[in-house]
Amino acid sequence: MLDKVDKSSYLDAIGITRWVRAGKAVSSHIVLVDKMDSELAVNPLITAVLASAACQLPQCTFSDTLPSNAHVFWDMRRLKLPRVDARLSSPPVNQLATNTDAKRKLWGEISSYLDSLTSDSNDKA
């Protein structure tokens with residue numbers, strides 16, 4: 001009997017939902033900070049880092065708490081607890097602005113991140 005019935009109609013009739021491949025969704029990138037400040041989104045150093053990492057500011061959400069199941073893009077907390085798997089990690093922006101070693105380390109992380117984006121797109125091609 002199933003051979004003669006359209007399989008999609010049968011699945012619809014019994015209430016089975018089929019998977020459909022979705023387009024690539026734009027995800028929100030979490031930037032963890034010690035203390036929320038309305039000036040974070042307009043700080044020139046933060047905007048420069050995000051632009052260098054090919055991250056659009058509208059895709060970013062600044063937070064002083066760790067949301068559950070969130071993708072942390074940049075961890076700028078002084079004390080990195082709880083630990084998170086962030087793409088970028090640095091001291092808070094006020095310390096980063098004056099610490100050349102921290103800037104150098106952050107630039108290395110940005111370069112590695114951009115390289116991973118390039119290799120991911122080459123793998124899909």
Determine whether a donor-acceptor pair (N or O, by modelled atom type, separation under 3.5 Å) exists between the side chain of Lys80 and the backbone of Ser90. yes

By salt bridge (charged side-chain N to carboxylate O under 4.0 Å, His left out) - contacts of Arg77 (at least two apart): Asp75

Non-neighbouring partners of [X] that pass side chain to side chain donor-acceptor pair (under 3.5 Å), sequence neighbours left out:
| X | value |
| --- | --- |
| Arg104 | Asp101 |
| Thr61 | Ser28 |
| Lys105 | Glu109 |
| Ser89 | none |

Any pair counted as salt bridge (charged side-chain N to carboxylate O under 4.0 Å, His left out), so long as it reaches residues 36-65, sequence neighbours left out: none

For [X], enumerate each residue passing the side-chain contact (heavy atoms from CB on, under 4.5 Å) test, keeping only those at least two apart in sequence or located in another chain.
| X | value |
| --- | --- |
| Pro92 | Asp34, Arg78, Asn94, Gln95 |
| Leu45 | Asn43, Val49, Val93, Leu96, Ala97 |
| Ala41 | Leu57, Phe62 |

Should [X] and [Y] be regarded as members of a common hydrophobic cluster, given that ILVMFWY residues are connected when their side-chain heavy atoms come within less than 4.5 Å of each other, either directly or indirectly?
| X | Y | answer |
| --- | --- | --- |
| Leu66 | Leu40 | no |
| Ile30 | Trp74 | no |
| Leu50 | Leu32 | no |
| Val42 | Met36 | no |

Give a yes or no on whether Asp85 atom CG has more than 12 heavy-atom contacts from other residues, nucleotides or ligands under 6.0 Å away. no

Rounding to 0.5 Å, atoms CE (Met76) and CD1 (Ile46) come to a distance of 4.0 Å

My understanding is that a hydrophobic cluster links ILVMFWY residues whose side chain heavy atoms are under 4.5 Å apart, including indirect links. Using that, what else belongs to the cluster containing Leu81? Leu79

Show the nearest heavy-atom pair for residues Ser52 and Ile110, with the distance to one decimal. O-CG2, 3.7 Å

Between Cys55 and His29, which heavy-atom pair has the shortest distance, and what is it? SG-CD2, 3.4 Å

Listed once per pair and sorted, the ring pair (Phe, Tyr, Trp, His ring centres under 6.0 Å) pairs that draw on residues 78-113, sequence neighbours left out: Phe73-Tyr113

